[in-house]
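Everything numeric here is computed off the predicted structure, so don't read it as measured data. Below, read A as the first sequence line, B as the second, and so on, with proteins coming before strands; counting in each chain starts at 1.
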Amino acid sequence: MSNFAAPGGKASSIPLVGREVEPTLFEMSVPGRRSFQLRTTGVPEMAIEDIIPASHLNPKMVEIAEVSERDLVAHFTRLSHRQFSVDLGMYPLGSCTMKYNPKFCDAVAAMTGLNGIHPAAPASLTQGWIELLWTLEQRLVSITGMAGATLQPAAGAAGELTGLLLIRAYHEARGENRTRILIPDSAHGTNPASVTLGGYEVTTIPSNDRGLVDLDILKQSLGPDVAGIMLTNPNTVGLFEEEIQEIAQAVHESGGLLYYDGANLNAIVGVLRPGDMGFDVVHMNLHKTFATPHGGGGPGAGPVAVSERLVPYLPGPRPVRLADGSFGWSNVATSIGRVHGWHGNALVLARALAYITVHGSEGLRRVAQHAVLNANWLRVRMSGFLPAAYDRVCMHECTLSAASIKAQYGVRGVDIAKGLLEEGFHSPTVYFPLIVDEALMFEPTETESLQTLEALALSVERLVIRAQTDPESLHAAPRSTPVSRVDEARAARMLKATADAS
Amino acid sequence: MSNFAAPGGKASSIPLVGREVEPTLFEMSVPGRRSFQLRTTGVPEMAIEDIIPASHLNPKMVEIAEVSERDLVAHFTRLSHRQFSVDLGMYPLGSCTMKYNPKFCDAVAAMTGLNGIHPAAPASLTQGWIELLWTLEQRLVSITGMAGATLQPAAGAAGELTGLLLIRAYHEARGENRTRILIPDSAHGTNPASVTLGGYEVTTIPSNDRGLVDLDILKQSLGPDVAGIMLTNPNTVGLFEEEIQEIAQAVHESGGLLYYDGANLNAIVGVLRPGDMGFDVVHMNLHKTFATPHGGGGPGAGPVAVSERLVPYLPGPRPVRLADGSFGWSNVATSIGRVHGWHGNALVLARALAYITVHGSEGLRRVAQHAVLNANWLRVRMSGFLPAAYDRVCMHECTLSAASIKAQYGVRGVDIAKGLLEEGFHSPTVYFPLIVDEALMFEPTETESLQTLEALALSVERLVIRAQTDPESLHAAPRSTPVSRVDEARAARMLKATADAS
Amino acid sequence: MADYIPHTEEEVADMLGFLGMNSLDDLFAHIPAALKLSQGLDIPSGITEPDAAALFNGYAANNVAANLLCFAGAGAYDHEVPPVVRALGSRSEFVTAYTPYQPEVAQGVLQAVFEFQTLVSRISGLPIPNASLYDAATGMVEALNMAAGSTGRNKMIISSGIHPHWRQTARTFAHGTGHETIEVPLKNGQTDWSQVDCADAAAIVIGYPNYLGVLEDVSVARALADKHGALLIVGADPVASGILKTAGQWGADIFIGEGQPFGTALSFGGPYLGLFACTEELIRRLPGRIVGETVDTEGRRAYVTTLRAREQDIRREKATSNICSNQTLMAVTAAIQLGWLGTAGLREVALACARGAHYLQEQIVTIPGVQAISDESFFREFAVRLPMSSETAIVEMAKRGFLAGVSLSQLCGESDASIEGDLSRVLLIAVTERRTKAEIDAYVQALREVVSQ
Amino acid sequence: MADYIPHTEEEVADMLGFLGMNSLDDLFAHIPAALKLSQGLDIPSGITEPDAAALFNGYAANNVAANLLCFAGAGAYDHEVPPVVRALGSRSEFVTAYTPYQPEVAQGVLQAVFEFQTLVSRISGLPIPNASLYDAATGMVEALNMAAGSTGRNKMIISSGIHPHWRQTARTFAHGTGHETIEVPLKNGQTDWSQVDCADAAAIVIGYPNYLGVLEDVSVARALADKHGALLIVGADPVASGILKTAGQWGADIFIGEGQPFGTALSFGGPYLGLFACTEELIRRLPGRIVGETVDTEGRRAYVTTLRAREQDIRREKATSNICSNQTLMAVTAAIQLGWLGTAGLREVALACARGAHYLQEQIVTIPGVQAISDESFFREFAVRLPMSSETAIVEMAKRGFLAGVSLSQLCGESDASIEGDLSRVLLIAVTERRTKAEIDAYVQALREVVSQ
Ligand SMILES: Cc1ncc(COP(=O)(O)O)c(C=O)c1O
Ligand SMILES: Cc1ncc(COP(=O)(O)O)c(C=O)c1O
């Protein structure tokens, strides 16, 4: 075994001081202070009343805050010190693929020739951008094994809804009126929500005891009213749907289409392609597989790639390469229309292309291989104290269960998760997927080292021992964090969504 | 009194986790790991032995460390979380002028047209840089009331030595052999050290009980062997040398020159000029008065401005504006020669010019006024619990004394300083200047708000009460910091300057 | 090839050994062989970062628009983003964090978003903001869904003064929700409500100012909404709140807006920031995340995402929205930028935009053949009809160093209910606080040349 | 005018009131009136940041060298500085910290510098590094002072293979220290020790490779130093340590070097980074700061600046040096850059430089009239004599997109003991790992044109 001397991967950052509450921008405000500085334009200073009718003027000024630049900097720098991040330590949140975000991709997004471009500038002045988007579309099509793609959806969920509208357009063009979409019970919540917004009804397919779609029930659920099925593969418990070919065949035979929720693409990128499994629509979370940073909750990007028969319906305008080698936009009458105000989250798309460019075919394959390696190593390493919900080879994440710990010591999954914060790691995903009791889903990703995995396993083992010997301390965890356990119920009961709310 | 609701100015950043030691880069290293990526050059891959003779080749590889980019990022990001900084909170270190460093100036230094320029590129290709440096020289000359300047010295101490060499060149050119430099006992340690390196002997002038140079003793110390005097004004206890005109007259009459240590220029910039006080040489710490960030201990810049009679000796080459309006370099035979490998700390110089440009004449004056206002407010505000060493109007910093606290409760200045770290503020300067017993020197700077000053005063008051009620806890402070009080003696006794030392 | 994987070959061997496996392929042994790629993906081999940098520098260099003075707007504006905002907004703790699922270690993002929400509430004049949507276009869709849910109706009356892309986006999603979207034409740059039947409407949607920059009398829309029991959705330029009445002051039930002007670069259209706020009554239908204030076990103030019961991970198909990842980093940046602007700065920016636009408009209509398309009041943007194709004019102006504006034929297609008559000669022009008099004068001079050619 | 002062007028009035004063001028009442500026400073009025940005963009644009492919070296090299190093090195905690006077809240900088010291020690092959000096030129002065202190002598024998600016700097400071500096000429690019009298020398200083890129046999200098009881100071290119013997391996007592190649941009010459290391025997004479490992009261590992008794704030005029602020941020950045390079990367960079330089040298001497000034081995830099003035050649090459190298007449003045004969036609050329074969080929082609004109 390699060198384990260093406790790798922990956010072993430490208090600079005590645990004092940071005031809000509004509490720091003092009337008359200012930070802003604008250009001296020399434009005539017409009186506001001379250019805007009084009926439109706000009699009061909207109060923002009045702080000095120095205090502004201190405030947000201090807030940043109260925030866990990938750059500080391991973030093994299952289903979220919190891998390292290469700084190179940030540098690409910071190029003025990319981020200084107005989205409505004509194609002749934005050839670089259109080529970039066109190239990314080609790459995503190759990676998924599809025929065309749209880059517009701003996140995975937007991709889902877009995909469902494409499925709808397809069936409608064939004059078919299909009303149901099948979804396994393990699916991510965005899937059913998107189905509803897509105008379909959800039919839930239960998982079998192997954590997979129950093929028999699936087949029984199919029929002429089924528009399609949404699957994640590997599914949300981190297991590969081994009968995917049979599933695809059955769905296709009944006239339905297959939607691939690409949130878990990191497990298979470069190794398998959703297209080869029989999927017709695939969304990708670029902020997962392609490492664009998650920004504390976004921005992401959720491009959708489709098989040949769905290409005519893709949102437009789409980037195209013209006969003369230059680039332009194309829009077709059969398109479902645009799903974003402009061209999608362009700077996120640029980052993803940068990531794909440096990795290439072999690099992406290595990503999947090592993501799966890490998850399995962790699963086996922890099996002695925190058993897997399904005891066999997993893909890029492993779903463990604290059910027996809860039963024995009254310590729940959430307590283990909070305890892990004290250990310097981010928590795994808790209570998702819903089908696993006291689920703790770990997704280490390929960028974490063996030393970090070992340190994480040791921390979890320590917590399990603590659950046995001192369960109370875990109910009270975390204590060493900027704030201790937060009263979530109170937040909802006495909603205070702004500093002005009473 | 204004709104004091918010505890302003504190680095109220909080532990993300416990207080774990961060491994070194070397402990994180695993043979075979790599981060670096280089260009694919296509240059023929000649065997090393074919281009470099074997006698020069290192038979072993120099070991650096072998870490992944992900771990590199985590390591240094975590280290950054263990570091106090101006951006996190108030840094009232006396003599150091830790004001807010505008991000605008960083942005200037980040321009590729500035930071991508080779220092040996000819003048025709670097007109922008030479104009920038020339402009800065003009500004510094105006600000100090001098006739010319050099931008080469890389810090204040380098400026001091440069200034002393200029004084030497001046006397030598006049055929005079002067061997002594007078320095007040309150002077910063760099002054005497520079004097020695300048080939002079130090004669120390005691301060009187008002904290100022004793004029009588000074006069007695003058003589034909005195090359000059080094003064800081305001001096290092933060008081203005009110008899500066008399001092200047006496020194000049005896044939000596006056050196101005500009570390405290922030107190007077735009209000007074060293030239008008009679100084012949002035160094400026751009990293103090002109807000270039201190970088954890540098880089700084210590330009030296001089009166007419010293201009011929300035280090060269100097930027000049030529008759045709273009810019070039000039070097004169009387110059003492260069004091830096190239043109000085150019990017620091650019930042300082940016700062001067946005402030202008009136803005700089406001800097001094508010720096002095803040120091005096703090002095008076704290007078009830931590008395000033000299009870009268101070300039930009106030020297307080914990002598009576020490006498009464056995709590020393350093204990108060360490206690302040627990309160979320950086410590003031302790035990400097040497002439004040248990000195605690606070320099709030003009960028700290009244709310922050009040919060600091309250913290100090709390500490003084703690000194009375629980002195032990202060001896043991700080406890909430990344590490608790550090064993400095052991570090010196058992020197370990590298990870390889045993 | 770049590689961000730490494992050395020995470690991989060790790890496989621990798993009782021989090769990485064994990890995929349970997957049907037919599915596995026999060759690699059909994409180029990986290259190093510095090699890739050269490639991307090439893309950037081909965007010649980067070097033009920007007079384009249409919802994307060239505002000052100072170095201090860029420095703070790019701190890696904000950039590389996930959605704040563990509030104990996410107070940084949570508090920043709470401050953002407070600011959105103030700018909109409505009490309940959310923690960001993708952009204004999709934000409007969320607002329509909210109106449908609240009224039980599905007829959406949308002024053509709403940005054409927002309207198009609404039409796209209506395929799923089954909404009927009715677009109300403009007349002289303002919504002409006279012909529209608002009976049974779920929502009436109006832009303020509308996308042509024109100030509309929102009270007419409010009265219509009252009359027919519909919700009033106001899509407002958030910068306008520096001087103009807020959506709330006009009586809006829902405010939507594009947050790009607050600290986000033009970015070729994304990532931008969907602003959203509504009345207390609508709270249970709020889409997406919301951060609330609470306390920790020691009574310390703390923040947490709340009212999660509305969200898809709990309510699944009955959720108020499917939104999960949103645009948090842009929201944090907007809070920073607004903190930098402050009360006075927001007002000064709004004023400078309005003054610059009015100064330019006064000059531009003196060019022979150039006419304003409306004589109504406007804020910081206005449209003119040129004596030539606006697309051609833009190309010609680019040669002279200007991004002259947005061509309406490019923005809307061949025709649009917002413009009476031929679109192809209409140019939409915006002015921000970054444009100087000298630049505006030069623009007018250049356009004079271009149209007289 | 920019203003970073928080105080409002009311607050100023409040504060003055608290002090019993009426105006800000009262704060300066005790200062003789004659000294006070009656008018403001004679400098322009302040302008806003965005206005100033335009000004500085103008300066930047006038540095046309920014757009040239760099083949200049002479101690300042165009190495890869990847985005990851820039991102980490610019973290504001490192940038805006002071010297670590309070170790309890400065472990970040302290540990980074400790790691830097370890790396300097390894690269130099000497056990005692310090925590940075201003640059290599002033670092050499510190080394000479150390030698003088240690030997009690003041004669400094300096090879002319030492960078001309370092030698000039040494001469300047010798005015103060009274050192006698003797410069030893080169012959065929290598130090010709035959004529120099090393008796009573405090130090013998040699460059490795020397500033012309040539590899010298350092053992000759070591033998001379041994013979005369002098210290051996080796000024080495730290990048060379990727393949060449370290200063320590050659028997140096003191190593000095320019740390710019490790993560610092060309920056028009500064801020750079003086590297320094020495033997155990010299430790009490070490200039500047040094970080040492220790423990805190709870036994946790911690770092602190140590051996402070040598420093000027304690020993005052008897200090080993006057250095106070140094170049910490560059040292932190160097640690990051070296961490990124790692063991293999340092070697690959050194190798790529050497290969590129040799490839270029082979081509360039095929140009008629272009001759190498030495036929000795070199590392990554070499000098050639052109059939024309090197200054003119550089200007001509710039028109073709290249910064062709460094003109020795510009670097050294009219004559220099490092070059036999006329300097003005000598061009010093460096190649780094960033230069591709295509770029080198294009360079040769351009130079061929230029010299044949
Ligand atoms: C399985 C799965 N599907 C869909 C999504 C939704 O993606 P996004 O957050 O990008 O909208 C997620 C995100 O967590 C997910 O894990
Ligand atoms: C009074 C005084 N003089 C000189 C110096 C030395 O300046 P530097 O650190 O830039 O060399 C300092 C720095 O702290 C100082 O406070």
I'd like to verify something: which residue of [options] has the highest number of heavy-atom pairs under 4.5 Å with chain C?
| options | result |
| --- | --- |
| A/Ser194, A/Ser124, A/Ala417 | A/Ser194 |
| A/Ala354, A/Gly300, A/Ala501 | A/Ala354 |
| A/Ala155, A/Ala476, A/Pro315, A/Ala350 | A/Ala155 |
| A/His287, A/Gln37, A/Arg39 | A/Arg39 |
| A/Val195, A/Val73, A/Thr112 | A/Val73 |
| A/Glu488, A/Met277, A/Glu66, A/His343 | A/His343 |

Distance-only donor-acceptor check, side chains [X] and [Y], under 3.5 Å:
| X | Y | answer |
| --- | --- | --- |
| C/Ser325 | A/His294 | yes |
| A/Glu63 | C/Thr343 | no |
| A/His75 | C/Glu115 | yes |
| C/Glu298 | A/Ser484 | yes |

- Message: Using 0.5 Å steps for rounding, measure from the CH2 atom of A/Trp377 to the CZ atom of C/Phe18.
- Response: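 These two atoms lie 5.5 Å from each other.
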- Task: To the nearest 0.5 Å, tell me how far A/Ser80 OG sits from C/Arg91 CZ.
- Result: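 CZ of C/Arg91 is found 3.5 Å from OG of A/Ser80.
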Under 4.5 Å from any heavy atom of chain C - which part of [X]:
| X | result |
| --- | --- |
| A/Arg381 | both |
| A/Met46 | both |
| A/Arg365 | side chain |
| A/Arg168 | side chain |
| A/Ile244 | side chain |
| A/Leu93 | side chain |
| A/Ala158 | both |
| A/Thr429 | neither |
| A/Leu38 | side chain |
| A/Ile52 | side chain |
| A/Gln245 | side chain |
| A/Leu72 | both |
| A/Arg34 | side chain |
| A/Asn376 | both |

- Message: Walk me through whether C/Ile128 and C/Ser121 qualify under side-chain contact (heavy atoms from CB on, under 4.5 Å).
- Response: CA-CA 6 Å; C/Ile128 308 294; C/Ser121 165; over 6 Å; no
- Minimum-distance pair of heavy atoms, taken over all atoms of C/Thr118 and A/Ala499: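 For C/Thr118 versus A/Ala499, the nearest heavy atoms are OG1-N, 2.9 Å.
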- So which heavy atom on A/Pro44 is nearest to which on C/Arg355, and how close?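 Distance-wise, the nearest heavy atoms are O-CD, 3.9 Å.
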Given a strict heavy-atom distance threshold of 4.5 Å, which part of [X] is in contact with chain A: side chain, backbone, both, or neither?
| X | answer |
| --- | --- |
| C/Asp78 | neither |
| C/Gln249 | side chain |
| C/Val291 | backbone |
| C/Leu338 | both |
| C/Arg347 | side chain |
| C/Asp135 | side chain |
| C/Leu307 | both |
| C/Val349 | both |
| C/Ala61 | neither |
| C/Leu346 | side chain |
| C/Ile290 | side chain |
| C/Ser45 | backbone |
| C/Leu19 | side chain |
| C/Leu215 | both |

So does [X] pair up with [Y], basic N to acidic O under 4.0 Å?
| X | Y | value |
| --- | --- | --- |
| C/Asp3 | A/Arg366 | yes |
| A/Glu22 | A/Arg82 | no |
| C/Glu293 | A/Lys496 | yes |

Who among [options] has the most heavy-atom pairs with chain A under 4.5 Å?
| options | result |
| --- | --- |
| C/Gln168, C/Met330, C/Glu258 | C/Gln168 |
| C/Thr96, C/Ile31, C/Thr99 | C/Thr96 |
| C/Gly356, C/Gly269, C/Ala137 | C/Gly269 |
| C/Gly242, C/Ala319, C/Ala302, C/Ser92 | C/Ser92 |
| C/Phe94, C/Trp340, C/Tyr4 | C/Trp340 |
| C/Tyr59, C/Phe268, C/Phe114 | C/Phe268 |

- Check: C/Tyr101 ring centroid to A/His426 ring centroid under 6.0 Å: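 Centroid separation for C/Tyr101 and A/His426: 6.0 Å or greater.
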- Task: Start with the C-alpha gap between C/Phe173 and C/Asn145, add the side-chain angles, then the distance that decides, and say whether side-chain contact (heavy atoms from CB on, under 4.5 Å) holds.
- Result: CA-CA 10 Å; C/Phe173 289 107; C/Asn145 293 346; over 6 Å; no
- Mind running side-chain contact (heavy atoms from CB on, under 4.5 Å) on C/Leu24 and C/Val12 for me, showing each step along the way? CA-CA 8 Å; C/Leu24 289 169; C/Val12 170; 4.0 Å; yes
- Message: Using the rule given for side-chain contact (heavy atoms from CB on, under 4.5 Å), can you reason through A/Leu165 versus C/Thr172, listing the C-alpha separation, both sets of side-chain angles and the distance that settles it, and then say yes or no?
- Response: CA-CA 8 Å; A/Leu165 294 177; C/Thr172 303; 4.1 Å; yes
- Does NZ or CZ of C/Arg435 come closer than 6.0 Å to the centre of the six-membered ring of C/Tyr359, within 45° of the ring's axis?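 Negative - C/Arg435 is either too far from the ring of C/Tyr359 or too far off its axis.
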